[in-house]
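What follows is a structure written as structure tokens; I'll ask about it next.
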Amino acid sequence: MIDLHYWPTPNGKKVTILLEECGMPYRIVPCAIGQGDQFKDAFLEISPNNRMPAMVDHEPADGGAPIALFESGAIMMYLAEKADAFYPQELRARHEVNQWLIWQMANQGPKSGECGHFRRLGDSQGDQSYAIRRFTDEVNRLYGVMNNRLYDRRYLCGDEYTIADMISYPWTVGWENQGQDLAEFPYFERWFEELGARPGVQRGMAAGSELSVDYSKLPEEEIARLRALLYNQRARPAPEGGLL
Ligand SMILES: N[C@@H](CCC(=O)N[C@@H](CS)C(=O)NCC(=O)O)C(=O)O
């Protein structure tokens, strides 16, 4: 059984899409990031970056001790390899998928996250217009990268639907809040509609939706509490007595 430490955000939904597409049994272990579960010692043991998703596979293929992983890209490569699905075996095809998966992890995910952060922030922390323009433009550039890629390919890596598509989808669902216009990206839109119609994608996107919180409806003091917890995080001190 797979334990998925999860909260229903785009980074979490990448993994539930894959699990649903593979029909792989899993258990959601809620990691309530608004309540600080990501800073608890037991969670940090499996995810030292204090971010979810994280995963524990209690039945790894080698029959050994459970395997714990953090970083959605690493989790997806692991699960797709285990299922032998959506991840081609052939050398060139596999590395093409790796390349686009890492593109997502290094570009589309972080830039979309910052875009959402600054667009939601408003003026409470001073003038954000440069940051909003910077990240809205970067996200626009990245939609363009996908649009050009999909101009003559059905999926990001060719004719086959792979984990590179699944990992890129959840961050695009909020295109409107990212200040984008899909009319600018017709080849991307064709892909977006096709993926959105897949039952596995729909189940993955809906996973854990009962946990969702509508932040826009929270009282001001609750929003201030969340900001104090989630924003401006700094290094956690290492314990005394380590290797020097
Ligand atoms: N690169 C990581 C990013 C994960 C990430 O940023 N997760 C967010 C939720 S989408 C989180 O756990 N935030 C907790 C926090 O900010 O303290 C991945 O793809 O797994």
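Everything numeric here is computed off the predicted structure, so don't read it as measured data.
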Original post:
Of Glu114, Gln178, Arg119, Arg141, which meets side-chain hydrogen bond (donor to acceptor under 3.5 Å, both in side chains) against Thr136?
Top reply: Arg119
Subject >> Step-by-step ring pair (Phe, Tyr, Trp, His ring centres under 6.0 Å) determination, His117 to Phe135 >> reply: CA-CA 10 Å; His117 175 89; Phe135 288 109; 9.0 Å; no
Original post:
Got more than 12 heavy atoms from elsewhere within 6.0 Å of CG, Asp62?
Top reply: yes
Original post:
Between the side chain of Arg225 and the main-chain N/O of Gly34, is any donor-acceptor distance below 3.5 Å?
Top reply: yes
Original post:
Is any side-chain heavy atom of Tyr231 less than 4.5 Å from a side-chain heavy atom of Leu121?
Top reply: yes
Original post:
Sub-3.5 Å donor-acceptor pair from the side chain of Arg154 to the main-chain atoms of Trp191, do we have one?
Top reply: no
**OP:** Mark yes when over 12 heavy atoms from residues, nucleotides or ligands other than Asn49 sit less than 6.0 Å from its CG; otherwise mark no.
**Re:** yes
**OP:** Kindly determine whether Tyr26 and Glu20 satisfy side chain to side chain donor-acceptor pair (under 3.5 Å), including the steps that lead there.
**Re:** CA-CA 9 Å; Tyr26 65 102; Glu20 292 290 342; 2.6 Å; yes
**OP:** Calculate, to the nearest 0.5 Å, the distance between atoms CD1 and CG belonging to Ile75 and Leu4 respectively.
**Re:** 6.5 Å
Original post:
Taking C-beta and beyond as the side chain, do Lys111 and Arg134 meet within less than 4.5 Å on heavy atoms?
Top reply: yes
**OP:** Look at the side chain of Gln128 and the backbone N and O of Gly126, then say whether any donor-acceptor pair between them is shorter than 3.5 Å.
**Re:** yes
Original post:
Are the side chains of Leu79 and Val15 in touch, meaning some heavy atoms are under 4.5 Å apart?
Top reply: yes
Original post:
Can we say Glu160 and Arg153 salt-bridge, meaning some charged N sits less than 4.0 Å from an Asp/Glu carboxylate O?
Top reply: no
Subject >> Note, Met166 side chain near Val201 side chain (heavy atom, < 4.5 Å) >> reply: no
Original post:
Are any of the side-chain nitrogens in Glu21 or Arg198 under 4.0 Å away from the carboxylate oxygens of its partner?
Top reply: yes
Subject >> Min side-chain heavy-atom separation His58-Ile2 under 4.5 Å >> reply: no
Original post:
Quick check: does any side chain N or O of Arg149 sit under 3.5 Å from a backbone N or O of Leu156, one acting as donor and the other as acceptor?
Top reply: yes
Original post:
Val97 and Ile163: which non-hydrogen atoms are nearest, and at how many Å?
Top reply: CG1-CG1, 3.6 Å
**OP:** Output yes when a side-chain donor or acceptor of Asn177 lies under 3.5 Å from a complementary backbone atom of Gly174, and no otherwise.
**Re:** no
**OP:** Give the intermediate values and the outcome of side chain to side chain donor-acceptor pair (under 3.5 Å) for residues Tyr155 and Glu194.
**Re:** CA-CA 10 Å; Tyr155 301 110; Glu194 181 183 331; 2.3 Å; yes
Subject >> Closest approach of Ala80 to Leu18 (non-hydrogen atoms, all atoms of both residues) >> reply: N-CD2, 4.0 Å
**OP:** Would you check, one step at a time, whether the test side chain to side chain contact (heavy atoms under 4.5 Å, CB included) holds for Gln108 with Val139?
**Re:** CA-CA 7 Å; Gln108 189 226 25; Val139 168; over 6 Å; no
Subject >> Glu90, CD atom: more than 12 neighbouring heavy atoms under 6.0 Å >> reply: yes
**OP:** Please report the shortest heavy-atom distance between Asp181 and Trp175, naming the atom on each side.
**Re:** CA-CZ3, 4.3 Å
Original post:
When hydrophobic residues are tied together by side-chain contacts of less than 4.5 Å, even through go-betweens, does Met1 share a cluster with Met55?
Top reply: no
Original post:
Any link between Ile17 and Val29 through a network of hydrophobic side chains (Ile, Leu, Val, Met, Phe, Trp, Tyr) touching at under 4.5 Å?
Top reply: no
Subject >> Shortest non-hydrogen separation from Leu69 to Ala74 and the atoms involved >> reply: CD1-O, 4.0 Å
**OP:** State, yes or no, whether a side-chain contact exists between Gln38 and Leu230 at a heavy-atom distance under 4.5 Å.
**Re:** yes
**OP:** Give me the ring orientation class for Tyr143 and Phe188: parallel if the planes are under 30° apart, tilted from 30 to 60°, perpendicular past 60°.
**Re:** perpendicular
Original post:
Is Arg27 salt-bridged to Asp3, going by a charged N under 4.0 Å from an acidic O?
Top reply: yes
Original post:
Any chain of hydrophobic side-chain contacts (each under 4.5 Å) joining Tyr161 to Trp171?
Top reply: no
**OP:** For Ser209 and Ala206, indicate whether the former's side chain and the latter's backbone hold a donor-acceptor pair under 3.5 Å.
**Re:** yes
Original post:
Which is it for Lys217 and Glu222 under the salt bridge (charged side-chain N to carboxylate O under 4.0 Å, His left out) test, yes or no, and what are the steps along the way?
Top reply: CA-CA 10 Å; Lys217 300 222 165 73; Glu222 179 61 5; over 6 Å; no
Original post:
What about Tyr151 and Leu195, same hydrophobic cluster or not, with Ile/Leu/Val/Met/Phe/Trp/Tyr joined at side-chain heavy-atom distances under 4.5 Å?
Top reply: yes
**OP:** With rounding to the nearest 0.5 Å, note down the distance linking CH2 in Trp103 to CG in Asn98.
**Re:** 15.5 Å
Subject >> Trace of the side chain to side chain contact (heavy atoms under 4.5 Å, CB included) decision for Phe39 with Leu229 >> reply: CA-CA 10 Å; Phe39 303 113; Leu229 182 73; 3.9 Å; yes
Subject >> Inter-residue atom distance Cys22.SG - Phe86.CZ, 0.5 Å rounding >> reply: 5.5 Å
Original post:
For the atom pair NZ (Lys40) and CG (Asn50), what is the distance rounded to the nearest 0.5 Å?
Top reply: 13.5 Å
Original post:
Taking the side chain from Gln202 and the backbone from Gly196, do they hold a donor-acceptor pair closer than 3.5 Å?
Top reply: yes
Original post:
How about Phe192 and Tyr169: are their ring centroids closer than 6.0 Å?
Top reply: yes
Subject >> For Ala207 against Pro8, the heavy-atom pair lying closest together >> reply: O-CB, 3.9 Å
**OP:** Following the transitive rule for hydrophobic clusters with a side-chain heavy-atom cut-off under 4.5 Å over Ile, Leu, Val, Met, Phe, Trp and Tyr, establish whether Leu44 and Phe70 coincide in one cluster.
**Re:** no
Subject >> Donor-acceptor pair, side chain of Arg94 and main chain of Pro88, under 3.5 angstrom >> reply: yes
**OP:** Step by step, work out the side chain to side chain contact (heavy atoms under 4.5 Å, CB included) result for Ile28 and His5.
**Re:** CA-CA 6 Å; Ile28 286 181; His5 295 257; over 6 Å; no
**OP:** Would you name the heavy atoms of Ser72 and Pro53 that are closest together and state the gap between them?
**Re:** CB-CG, 3.8 Å
Original post:
Is there a donor in the side chain of Asn107 and an acceptor in the side chain of Glu138, or the other way round, less than 3.5 Å apart?
Top reply: no
Original post:
Would you call Glu81 and Gln89 a side-chain contact if the rule is heavy atoms closer than 4.5 Å?
Top reply: no
Original post:
Should the heavy atoms of other residues, nucleotides or ligands under 6.0 Å from CG of Asp152 be counted, would the total exceed 12?
Top reply: yes
Original post:
Would Trp7 and Asp37 satisfy side chain to side chain contact (heavy atoms under 4.5 Å, CB included), going step by step from the backbone distance to the final call?
Top reply: CA-CA 10 Å; Trp7 200 247; Asp37 285 355; over 6 Å; no
Original post:
Would you say Asn147's side chain and Tyr187's backbone share a donor-acceptor pair under 3.5 angstrom?
Top reply: yes
